[in-house]
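To start, the structure itself, in C-alpha cells.
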Amino acid sequence: MFAKLYDEKIKKWATDICHIVELIVAVAVMIGVVISLIGLIPHVGDLWTNREGTGSLLHFMEQALNIVIGVEFIKMLCRPNSDNVLETIIFLVARHMIVINTTTPLDDLISTVSIVLLCFVRRYLKVSRDKDKEKAMAEKDVSEEKK
C-alpha cells in the first residue's frame, strides 16, 4: 500500500518536471522565433530589390516557413494534442515541397500525398472527437433529466 502511494507520487513528480522542462524549451524556442522574425525584416527589402528573380523569394519563403514551423512547434510543446502535431508535420512537408528545389517529381508526389493523408487523418480525428463530445453531452443531459 505504502509502496504504491510512493510510486504514484514519484510518477506525479516526474510528470510535473517533464512539463516544466517542456515549457522551458518552448520559451527558448519562442526566443529563437522572435529573433528569427526580427531577422526576417531585412529580407523584405531584399525581396523588393530582387523582385524579378525567384531566388530571393525562395530564400524569403524558407525563412518565413522556418518561423511558422517554430511557432507550430511551440504550440505542440505547450498543448500536445493530435491537431498540433499534425499541423506541425503538414508545415514541415509543405516547407520541404516549397523550399527544396532539387526534388524529383516522385518526391513532389509523395509530399502531396502525405499532406492529403495528414489532412484526412486530422479531419477524421476531429469528426470522431466531435462525436465523442456529442455523446458525452447526450449522456450528461440524460443524467440531469433523471435528477
Side-chain angles (χ1 to χ4, degrees), residues 4-143:
K4 187 173 183 171
L5 180 65
Y6 187 68
D7 188 43
E8 290 298 320
K9 285 185 178 184
I10 290 174
K11 286 181 183 178
K12 171 85 169 94
W13 180 75
T15 302
D16 290 344
I17 287 180
C18 288
H19 287 294
I20 291 168
V21 170
E22 283 178 346
L23 290 175
I24 291 169
V25 170
V27 168
V29 172
M30 188 177 303
I31 292 168
V33 166
V34 169
I35 291 169
S36 295
L37 191 59
I38 292 168
L40 187 65
I41 294 170
H43 292 289
V44 174
D46 293 341
L47 184 62
W48 181 255
T49 305
N50 302 319
R51 62 186 174 272
E52 56 276 343
T54 59
S56 59
L57 175 64
L58 286 176
H59 182 69
F60 180 79
M61 288 177 61
E62 179 180 6
Q63 299 300 321
L65 284 171
N66 285 338
I67 293 169
V68 169
I69 290 168
V71 169
E72 292 297 325
F73 184 68
I74 292 168
K75 285 172 39 180
M76 187 176 69
L77 286 173
C78 293
R79 292 187 186 160
N81 60 35
S82 58
D83 281 342
N84 290 338
V85 172
L86 288 173
E87 279 184 25
T88 304
I89 296 170
I90 288 169
F91 279 114
L92 284 169
V93 174
R95 179 192 173 278
H96 176 78
M97 284 179 62
I98 294 169
V99 174
I100 308 296
N101 55 8
T102 58
T103 60
T104 65
L106 181 60
D107 291 338
D108 293 340
L109 176 65
I110 291 171
S111 296
T112 304
V113 169
S114 298
I115 289 177
V116 169
L117 287 174
L118 287 167
C119 288
F120 277 133
V121 167
R122 185 172 171 223
R123 179 70 179 151
Y124 172 75
L125 289 174
K126 185 174 182 164
V127 167
S128 65
R129 214 173 310 125
D130 290 344
K131 286 181 182 178
D132 290 343
K133 285 180 184 177
E134 288 175 8
K135 185 177 178 182
M137 292 292 277
E139 289 174 358
K140 183 180 176 183
D141 291 343
V142 168
S143 66

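Values below: every heavy atom of this structure, side chains too, minus hydrogens, waters and symmetry copies.
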Could you go through residues 38-50 and list every donor-acceptor pair under 3.5 Å that involves a side-chain atom there, pairing it with any protein atom two or more places apart or in another chain?
from: Thr49; atom 1: OG1; to: Gly45; atom 2: O; distance (Å): 2.9
from: Asn50; atom 1: ND2; to: Asp46; atom 2: O; distance (Å): 3.4

| said: Between Asn66 and Glu62 (side chain of the first, backbone of the second, donor and acceptor by atom type, cut-off under 3.5 Å), is there such a pair? | reply: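 Side chain of Asn66 to backbone of Glu62, a donor-acceptor pair under 3.5 Å: yes, one is there.
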
Look up atom [atom1] in [X] and atom [atom2] in [Y], then write down how far apart they are to the nearest 0.5 Å.
X      : Y      : atom1 : atom2 : answer
Ile90  : Leu86  : CD1   : CG    : 6.0 Å
Ile24  : Leu77  : CD1   : CG    : 12.0 Å
Phe120 : Leu125 : CZ    : CG    : 13.5 Å
Met30  : Ile74  : CE    : CD1   : 4.5 Å
Phe91  : Leu118 : CZ    : CG    : 12.0 Å
Asn84  : Met76  : CG    : CE    : 8.5 Å

| Can you list every side-chain hydrogen bond (donor to acceptor under 3.5 Å, both in side chains) pair that touches residues 19-38, not counting sequence neighbours? |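 Sorted pair list comes back empty.
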
| task | Mind jotting down which residue pairs meet the side-chain hydrogen bond (donor to acceptor under 3.5 Å, both in side chains) criterion with at least one end in residues 115-124? Sequence neighbours excluded, please. | result |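 Counting only pairs at least two positions apart or across chains, the side-chain hydrogen bond (donor to acceptor under 3.5 Å, both in side chains) contacts touching residues 115-124 are Glu87-Arg122.
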
| field | Side chain proximity check, Val27 to Leu23, heavy atoms < 4.5 angstrom | value |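 Counting from C-beta outward, Val27 and Leu23 never come under 4.5 Å.
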
Closest contact, heavy atoms only, [X] versus [Y]:
X      : Y     : answer
Leu58  : Ile98 : CD2-O, 3.7 Å
Ser114 : Val93 : CB-CG1, 4.4 Å
Ile69  : Arg95 : CD1-CD, 3.4 Å

| query | In chain order, what residues pass the ring-ring contact (aromatic ring centres under 6.0 Å, His included) check against His96, with sequence neighbours excluded? | reply |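 For His96 there are no ring-ring contact (aromatic ring centres under 6.0 Å, His included) partners, ignoring immediate neighbours.
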
| request: List for me each residue that meets side chain to side chain contact (heavy atoms under 4.5 Å, CB included) alongside Met97, sequence neighbours excluded, and say none if there are none. | output: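 With neighbours one apart ignored, the set is Ser111, Thr112, Ile115.
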
| message | For a side-chain contact (heavy atoms from CB on, under 4.5 Å) check, start with the C-alpha distance between Leu117 and Val113, then their side-chain angles and the critical distance, and finish with the verdict. | response | CA-CA 6 Å; Leu117 287 174; Val113 169; 3.9 Å; yes

| request: Please name all residues satisfying salt bridge (charged side-chain N to carboxylate O under 4.0 Å, His left out) with Asp108, sequence neighbours left out, ordered by chain then number. | output: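 For Asp108 there are no salt bridge (charged side-chain N to carboxylate O under 4.0 Å, His left out) partners, ignoring immediate neighbours.
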
